[in-house]
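First up is the structure itself, then whatever we jot down about it.
Note that these values count all heavy atoms, side chains included, but never hydrogens, waters or copies made by symmetry. Convention: sequence-line order gives letters A, B, ...; per-chain numbering from 1.
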Amino acid sequence: MVENRPFLSFVTHVTLIVGVGFLCFPVWMALVASSHGPEALSHSPIPLWFGDQMWQNYSDLLFGGMPQVGGVPVGRMMLNSLWMALGITIGKISVSILAAFAIVYFRFPFRMMFFWMIFVTLMLPVEVRILPTFDVVAKLGMLNTRQGLIIPLMASATATFLFRQFFMTIPDELVEAARIDGAGPLRFFWDILLPLSRTNIAALFIILFIFGWNQYLWPLLITADESQYTVVMGIQRMVNSGEQLPVWHYIMGTAILAMIPPILVVVAMQKLFVKGLVESEK
Amino acid sequence: MSRRHWIQAWLLLLPAMVFLIAFTHVPAVTTIWNSFFSTPRGRRPSVFVGLDNYERLVADPVFWKVLGNNLWFALGTIPISILLAIVMALFVNRQFRARGLVRMAYFTPTVLPLIAVANIWLFFYTPGFGLIDQILGWLGFGQTNLLGSPDTALPALMAVTIWKEAGFFMIFYLAALQSIPPSLTEAARIEGAGSWRIFWQITFPLMMPTTLFVSVNAVINSFRMVDHIFILTGGGPDNASSLLLYYIYETSFRYWDTSYGATLTVVMIALLCLIAIGQVFFLDRKVHYK
């Protein structure tokens, strides 16, 4: 839509800029707030420009312990989050790609039954079944463990569905050619299917990583030990720290730290992120 | 195929099936089962109570309240988010400098942890010195307590949700816009149609599958997104901003009334199944553009 109407183009630009401002302003505020001392944030007017405490605040957060969260440094929490996000991502992708491979390329008894058993779970995201899934994890003795945090979130059909859709677009001739050349199913998977799925795996990796990193409710239920807290939980603990006034400069610093990995991932891999999102939600 | 291949296929499926059965199928079935029993308390074991939990549900004013809240939450967030998403997608689909940067700014809120986002907004909403009160005070109004009063608590949550979701939906509309052949709009333009007409008669109808897809997902999301309640209101005041999932969490993990929690979960699963069935049987058949 290229139109040469100066007024319209002016309106367009203003709208764009206002939109960007509206969406980015909260993040900007958090960044500014995290650079001040506690006094500056507890009375009006709230500063709109950086203070001089930024490095002090962030080094306190990353390496020192916060009393509100049992003295666990935020750096430790970020590591916990990282392990959880990576565990969910890698686990889910490996389990799903194998299942999709079996469903698409093998003919075996009960194939359709397995297919439906997997896809019926598309309707049951983890939030919906938190209570019963929690019971199962408790019975298996996996409360307060990393397995308990990761494995239940790995069990979902979305990734299997995505890989199935993708595998079905691979031409049959390729399968035939591999068979004629004497490649067995596993050889075919390893040498042909996996390299072809590279972009899909990367796109899915990004989406799942962000999904895993942002999890809140599930880790809240599973972890009891403060040293196992994820950074997202840490924020909530600091906000609801009982009677004391919230320590805004630290809370905002933690929020910024919690936002950095998702933003980094998106900035570095914008195209893959959009691709992954559009395809995994279909 | 040979038996060896069957076994290979089963082995490939094994991990997925074990995890899904253990953490999805079994829990779903036990929830339904548990909803017919009483909650074990102290020495009293759980006993079969038939439909008692469901009778309690029907008579529970809080249940109806949170269900109503969920409805308002969906009605208040979804249309506005979709409208904003379409507008944003139309804007960033043109050619201009720094387009990639603007697009990224638009969908950045989507990838941020909801808890972190809610916590920034809490800072805005704080009575007295929060940003909103500062602007209001500057304009000559008095203090507000948006999160503390029953009329505004839920709308305050909705604002955060819209802020976060609009960019998410925008991505799908952007993908839809890019799949519309430019020859269509060019032809319309040659025939003398204006931008407005082109949007309503070509672009919008062609994006209908996306709108339906996004709406269904938005409805499901409106049941799933509760993280911000933990930070902003805790469901209060007087359940004015509580949603179904948050009520399930409170019942099950704060009051440990697990049977009633299971009953509520059954209702939620049933609602989501209805939505999914509706999607398959009604929506998919009416949309033939793709």
Side-chain angles (χ1 to χ4, degrees), chain A residues 1 12 15-16 19-20 23-24 26 29-30 33 43-46 95-96 98-99 101-102 106-109 114 117-118 121 123-125 127-129 131-133 135-136 151-152 154-155 160 185 210 214 216-217 221 232 235-236 239 248 251 255 258-259 262-263 266-267 270 274 277-278 281, chain B residues 1 5-6 8-10 12-13 15-17 19-20 22-28 30-31 88 91 94 100 102 104-106 108-109 111-116 119-123 129 131 134 167 171-172 175 195 217 224 227 230-231 245 248-249 252-253 258 261-262 265 268-269 272-273 276:
Chain A
M1 289 192 210
T12 308
T15 319
L16 278 172
V20 170
L23 288 164
C24 294
M29 279 302 295
H43 58 80
S44 71
I46 294 182
V95 167
S96 305
L98 292 179
F101 174 54
F106 287 79
R107 296 288 167 275
F108 53 92
F114 285 125
M117 277 178 78
I118 292 176
T121 62
M123 287 183 308
L124 299 168
E127 295 90 343
V128 175
R129 51 188 165 83
L131 169 62
T133 311
D135 281 344
V136 171
I151 294 175
M154 274 164 50
T160 317
I210 293 174
N214 290 352
Y216 168 68
L217 204 50
L221 295 176
V232 172
I235 301 173
Q236 197 265 350
V239 174
W248 281 117
I251 295 173
M259 291 173 177
I263 292 183
V266 167
V267 169
Q270 196 195 147
V274 170
L277 201 61
V278 171
E281 293 278 336
Chain B
M1 269 210 192
H5 279 112
W6 295 2
Q8 266 181 354
W10 283 333
L12 288 168
L13 272 171
M17 290 319 289
F19 290 146
L20 282 174
F23 297 108
T24 309
H25 294 102
V26 168
T30 48
T31 313
M88 288 183 340
F91 269 119
R94 319 162 163 232
V102 173
M104 214 152 63
Y106 281 4
T108 295
V111 301
L112 305 177
L114 188 50
I115 289 277
N119 148 73
I120 301 175
W121 283 77
L122 177 67
F123 188 54
F129 61 88
L131 193 80
Q134 282 198 28
I171 295 173
F172 297 100
S195 299
N217 269 288
R224 291 168 63 177
D227 291 1
F230 283 86
I231 292 275
L245 179 56
I248 291 176
Y249 168 82
S252 316
F253 297 104
T258 47
T265 305
M268 176 126 145
I269 293 177
L272 287 178
C273 286

What is the ring orientation for A:Phe106 with B:His5, classed by angle as parallel under 30°, tilted 30 to 60°, or perpendicular over 60°? tilted
Contact class of A:Met117 relative to chain B, heavy atoms under 4.5 angstrom: both
Is the side chain of A:Asp135 donor-acceptor paired with the backbone N or O of B:Pro27 at a distance under 3.5 Å, no angle test? no
Quick one: CG on B:Leu20 to OG1 on A:Thr160, what's the gap to the nearest 0.5 Å? 7.0 Å
Note, B:Trp6 side chain near A:Pro109 side chain (heavy atom, < 4.5 Å): yes
What are the two closest heavy atoms between B:Ala9 and A:Ala102, and how far apart are they? O-CB, 3.7 Å
Is there side-chain contact between A:Val266 and B:Met104, with at least one heavy-atom pair below 4.5 Å? yes
Should A:Arg129 and B:Thr24 count as side-chain neighbours, where that means a heavy-atom distance under 4.5 Å? yes
Spacing of A:Leu221 atom CG and B:Tyr249 atom OH [to the nearest 0.5 Å]: 6.0 Å
Heavy-atom pairs under 4.5 Å with chain A, option from B:Leu272, B:Val26, B:Ile171 with the top count: B:Ile171
Shortest non-hydrogen contact from B:Met17 to A:Ile118? SD-CG1, 3.8 Å
Just so I know, are the side chains of B:Ile120 and A:Met259 near enough to count as touching, which here means a heavy-atom distance under 4.5 Å? yes
Would you please name every residue forming a side chain to side chain contact (heavy atoms under 4.5 Å, CB included) with B:Ala28, sequence neighbours left out? A:Leu124
Segment of B:Pro15 engaging chain A (4.5 angstrom heavy-atom cut-off): both
Measure the spacing between CD1 of B:Ile231 and OH of A:Tyr216 and express it to the nearest 0.5 Å. 6.5 Å
Counterpart residues, ring-ring contact (aromatic ring centres under 6.0 Å, His included), relative to B:Phe23 (two or more places apart): none
Contact summary for B:Asn119 and A:Ile251, nearest pair of heavy atoms: OD1-CG2, 2.7 Å
Counting only heavy atoms closer than 4.5 Å, note whether B:Phe253 contacts chain A via side chain, backbone, both or neither. side chain
For a 4.5 angstrom cut-off between non-hydrogen side-chain atoms, does B:Leu114 reach A:Asn214? no
Say you draw a straight line from CZ of B:Phe230 to CD of A:Gln236; how long is it, rounded to the nearest 0.5 Å? 7.5 Å
A:Leu131, part contacting chain B, at a heavy-atom distance under 4.5 Å: both
Measure A:Val136 against the heavy atoms of chain B and call it side chain, backbone, both or neither at under 4.5 Å. side chain
Considering only heavy atoms, which portion of A:Pro185 lies under 4.5 Å from any heavy atom of chain B: side chain, backbone, both, or neither? side chain
Top contributor to chain A contacts, counting heavy-atom pairs under 4.5 Å, from B:Ala175, B:Gly167, B:Ala105: B:Ala105
